[in-house]
Participant: 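Sharing a structure with you now.
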2 protein chains.
Amino acid sequence: MVRAGLSAAKVTEAAAEMADEVGLDQVTISALARRFGVKDASLYSHVKNLRELRVRIALLGGAEMTERIAAEVAGRAGKDALVAFANAYRRFALEHPGRYAATQMQFDPEEVADSVALRRSVELTYGMLRAYGLSEPDLTDAGRLLRAAFHGYIHLELSGGFAHSRQVEDSWSRSLDALHVLLENWPSHQPPEAGGRDERMP
Amino acid sequence: MVRAGLSAAKVTEAAAEMADEVGLDQVTISALARRFGVKDASLYSHVKNLRELRVRIALLGGAEMTERIAAEVAGRAGKDALVAFANAYRRFALEHPGRYAATQMQFDPEEVADSVALRRSVELTYGMLRAYGLSEPDLTDAGRLLRAAFHGYIHLELSGGFAHSRQVEDSWSRSLDALHVLLENWPSHQPPEAGGRDERMP
DNA sequence: GGTTTTACCCTAGCGGCATTAGGAAGCTGA
DNA sequence: TCAGCTTCCTAATGCCGCTAGGGTAAAACC
């Protein structure tokens, strides 16, 4: 009897690939075991349960995504940085829809508490926004709106909300133009006298 | 033997309620049958399968949502309309997360082809944007960005992306300020000489 | 090199879910 | 009243997540 030679890492990588190919919700323990030519129960030596498997996919995907964004943004500022960030974000999501979907799960705080990628991605966003001259609390507000716009756009695109036409590219890049204008004209707000605003999550 | 007196409409309404309470993915045929005190198989007299049930929830939720938005936007224009639209959108999504989630499914084109609500919601958006002086192709681009921003924001909020603090309200209303500024300063584009742009979906 | 220990993978089995087939009992209209 | 339709049932299939417990390959130790 030859062993399959699995490991948590291999299982996660295969699961991520499978998620990109057939959708995150099609990634089941059974299907994954089938892909490895192994019985379902065998996978439980490497992964606690289905939820943990998905969290692993998310952490893997999140790390990869942040890495790619960081590489593209490096050395840029202002609109250059914004466009590089946004395009890297979108390209990753379109090329790896399963991994991307996984990053959108609801996590228990401690599941992602020690995620370097998460902290890094917040830093990247804030660095970009500071180049636009923003500071708290606008930093937080603008960051949220940017994340929302990016995610919302990709979500609509992935779910077929608009046709998969060449036009989406134009629309996307014009939205980036618009967001650039938005950040340059951000309606600033003074932080309130008393503290409390500082504790906001990004 | 007393009959339960079910109907497609009653089943859908109960399913929508259940989705709001426990999450769309917890709405199963079994759970719903249990709620009615009926066997699983009985529901198949009223609903073709699980997918159709979810589509029904989506259509119901979409209609309700559009209705509420339309009521709020009626008689307003400019920033008033934008804020009314956005707040009605967000409030519905937060009060009815299950129905809202259902509206985000991927549909076959003919499943929603005859949805009045969908057409109406597009009209509402476009009317709002025309009041900002936009015309095609900016109408389409701005509409997409708005939908993306709204959906993205609510999605982040619902999935706990940021803390459930009072601050989210501030952040949201400042994002609306920013979007208003954006629409007033939208970087316009000329339509290309030859046709083709007109066929874009919203 | 032989032995012990570990860790991997298996068989077996539980309960939950979606779905279908076919039958019985209520309701409706002639 | 009785035929016919609808609603609900029982029964069964197959897929899935997950657990318990056992055997063996591979690694660790002497």
Side-chain angles (χ1 to χ4, degrees), chain A residues 1-60 98-99 101-102 104-108 111, chain B residues 1-60 98-99 101-102 104-108 111:
Chain A
M1 179 183 298
V2 174
R3 293 210 180 178
L6 303 185
S7 70
K10 276 185 193 171
V11 167
T12 304
E13 176 60 39
E17 220 153 287
M18 192 166 169
D20 288 338
E21 289 167 14
V22 299
L24 181 63
D25 45 334
Q26 301 299 314
V27 176
T28 74
I29 296 286
S30 319
L32 197 55
R34 228 173 287 135
R35 177 170 291 211
F36 278 117
V38 146
K39 297 296 173 187
D40 294 20
S42 305
L43 288 188
Y44 289 90
S45 302
H46 306 283
V47 169
K48 192 154 110 288
N49 53 30
L50 181 59
R51 160 144 188 102
E52 200 206 65
L53 179 65
R54 296 205 168 132
V55 171
R56 279 176 192 274
I57 297 176
L59 293 177
L60 174 65
R99 292 169 217 239
Q104 303 297 323
M105 293 171 48
Q106 298 188 213
F107 298 100
D108 291 339
E111 276 175 334
Chain B
M1 176 182 300
V2 174
R3 293 210 179 177
L6 303 186
S7 70
K10 276 186 194 169
V11 168
T12 304
E13 177 58 40
E17 220 154 288
M18 191 167 171
D20 288 338
E21 288 168 14
V22 299
L24 181 63
D25 47 334
Q26 301 299 315
V27 176
T28 75
I29 296 286
S30 318
L32 197 55
R34 227 171 287 135
R35 176 169 294 211
F36 278 116
V38 145
K39 297 297 173 186
D40 296 17
S42 306
L43 289 188
Y44 288 90
S45 302
H46 306 283
V47 168
K48 194 155 108 291
N49 53 30
L50 181 59
R51 157 138 193 107
E52 202 207 63
L53 178 65
R54 296 205 167 132
V55 170
R56 278 175 192 275
I57 297 175
L59 293 177
L60 174 65
R99 290 168 218 240
Q104 302 298 325
M105 292 173 48
Q106 300 188 212
F107 299 100
D108 291 338
E111 276 175 335

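Just so you know, these numbers use all the heavy atoms, side chains as well, and skip hydrogens, waters and symmetry mates. By convention in this document, chain letters (A, B, ...) are assigned in the order of the sequence lines, proteins followed by strands, and residues within each chain are numbered from 1.
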Participant: Rounded to the nearest angstrom, tell me the gap between atom CG in A:L32 and atom C1' in D:dC18.
Facilitator: 15 Å

Participant: Once you round it to whole Å, what is the distance between C1' of D:dC18 and CD of A:E52?
Facilitator: 14 Å

Participant: Counting just side-chain N and O atoms, does B:H46 come under 4.0 Å of either OP1 or OP2 of D:dC8?
Facilitator: yes

Participant: What does the B/S/- profile of nucleotides 10-17 of chain D look like, 5' to 3', with a 4.0 Å heavy-atom cutoff to protein?
Facilitator: B-----SS

Participant: Please report the shortest heavy-atom distance between B:Y44 and B:N49, naming the atom on each side.
Facilitator: CE2-CA, 4.1 Å

Participant: Give the minimum heavy-atom separation between A:T28 and A:L50, together with the two atoms involved.
Facilitator: CA-CD1, 4.3 Å

Participant: Do B:D40 side-chain atoms and B:A33 backbone N/O form a donor-acceptor pair below 3.5 Å?
Facilitator: no

Participant: Determine the minimum heavy-atom distance between A:H46 and A:R56, stating which atoms define it.
Facilitator: O-NH2, 4.1 Å

Participant: To 10°, what angle do the rotation axes through the five end pairs on each side of the helix from C:dG1-D:dC30 to C:dA30-D:dT1 form?
Facilitator: 10°

Participant: Short question: side chain of B:Q26, backbone of B:V22 - any donor-acceptor pair under 3.5 Å?
Facilitator: no

Participant: Of all heavy-atom pairs between B:G5 and B:K10, which one has the smallest distance, and what is that distance?
Facilitator: O-NZ, 3.0 Å

Participant: So which heavy atom on B:A14 is nearest to which on B:R35, and how close?
Facilitator: O-NH1, 4.2 Å

Participant: Rounded to the nearest angstrom, tell me the gap between atom CG in A:L6 and atom P in D:dA25.
Facilitator: 17 Å

Participant: In this structure, how many angstroms lie between the C1' atom of C:dC17 and the CZ atom of B:R51, rounded?
Facilitator: 18 Å

Participant: For a quick test of reading the model, state the closest non-hydrogen atom pair linking A:V55 to A:M105 and the distance between them.
Facilitator: CG2-CE, 4.0 Å

